[in-house]
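As structure tokens, the structure follows; a few thoughts come after it.
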Amino acid sequence: QVQLVESGGGLVQAGGSLRLSCAAAGRTFSTYAMGWFRQAPGKEREFVTAIRWSIGSTTYADSVKGRFTISRDIAKNTVYLQMNSLKPEDTAVYYCAGYAGLEPLSSPKIRQEGLYDYWGQGTQVTVSS
């Protein structure tokens, strides 16, 4: 069992930056990858980015590539999402999620929320225009 707790959300103006954190506790040694998803009002939850825990390789949704950066601190069991050049369309609840399987980051399945084994409670990010 792994527990995930996100923090760092808030209100920011367009063009600004925020850094989200996701602290993991419990059986974290079973984690293969960590991902960030987001859900805007009235929309389905969508993939944002993922990182392979052991080697740090990453993958991003096209909508955030070049603006968002995922990273992890193994010693702290924490994954981060640095969000720069924020846009109003980035407004959403952001969730971190953990995956304990072996699907490679290159697989389209890594972008499917159903693949992930455990989830945080979410943190709200609001970008004003």
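- Without hydrogens or angle criteria, R67 side chain to S85 main chain gives a donor-acceptor distance under 3.5 Å.
- Pairing each heavy atom of F47 with each of A61, the nearest pair is O-CB, 3.5 Å.
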Inset, instruction - Apply the test side-chain contact (heavy atoms from CB on, under 4.5 Å) to residues T91 and Q124: give CA-CA distance (whole Å), side-chain angles for both, the deciding distance (0.1 Å), then the verdict. - result: CA-CA 8 Å; T91 295; Q124 176 70 46; 4.0 Å; yes
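- Residues I74 and I51 are members of one and the same hydrophobic cluster, defined by side-chain heavy-atom contacts under 4.5 angstrom among Ile, Leu, Val, Met, Phe, Trp and Tyr.
- Using modelled atom types, one side-chain atom of R111 and one backbone atom of Y60 make a donor-acceptor pair closer than 3.5 Å.
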Inset, instruction - Go through Y99 and M34 one step at a time and tell me if the side-chain contact (heavy atoms from CB on, under 4.5 Å) criterion holds. - result: CA-CA 6 Å; Y99 169 55; M34 295 290 293; over 6 Å; no
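- Aromatic ring pairs are classed by plane angle as parallel below 30°, tilted from 30° to 60° and perpendicular above 60°; the pair Y94 and F68 is tilted.
- Interatomic distance, CG of L18 versus CG of N84, reported as 9.5 Å (0.5 Å rounding).
- The main-chain N or O of S128 is never found under 3.5 Å from a side-chain atom of Q13 such that the two would form a donor-acceptor pair.
- Residues R38 and V64 meet the side-chain proximity criterion, which asks for heavy atoms closer than 4.5 Å.
- Nearest approach of L105 to I110, heavy atoms of both residues: O-CG2, 3.5 Å.
- To the nearest 0.5 Å, the span separating CG on D73 from OH on Y80 amounts to 5.0 Å.
- Across all non-hydrogen atoms, the minimal contact from V125 to G9 is CG2-CA, 4.2 Å.
- Judged by distance alone, with hydrogens and angles left aside, the side-chain atoms of R72 form a donor-acceptor pair with the main-chain N or O of W53 at under 3.5 Å.
- Note that the OG1 atom of T49 and the CZ atom of F37 stand 10.0 Å from one another [nearest 0.5 Å].
- Using a 4.5 Å cut-off on side-chain heavy atoms (C-beta onward), W36 and M83 make no contact.
- There is no path of hydrophobic side-chain contacts, each under 4.5 Å, that joins V48 to Y32.
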Legend entry - CA sep, side-chain torsions, deciding dist, call: K87, D90, salt bridge (charged side-chain N to carboxylate O under 4.0 Å, His left out): CA-CA 5 Å; K87 305 174 181 180; D90 294 318; over 6 Å; no
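- Panel note: side chain Y116, backbone C96; no donor-acceptor pair is recorded below 3.5 Å.
- Across T78 and S21, no two heavy atoms sit closer than the pair CG2-CB, 4.3 Å.
- The closest donor-acceptor contact from the side chain of E6 to the backbone of Q121 lies under 3.5 Å.
- I70 contributes atom CD1, which lies 12.0 Å from atom CD of Q82 (distance to the nearest 0.5 angstrom).
- Rounding to the nearest 0.5 angstrom, the gap separating the CG atom in D117 from the CG atom in L4 is 10.5 Å.
- Nearest heavy-atom pair across G120 and Y95 is O-CD2, 3.7 Å.
- Between S129 and A14 the shortest heavy-atom distance is CA-CB, 4.4 Å.
- In the hydrophobic cluster analysis, where Ile, Leu, Val, Met, Phe, Trp and Tyr join through side-chain heavy atoms closer than 4.5 angstrom, L115 is grouped apart from V79.
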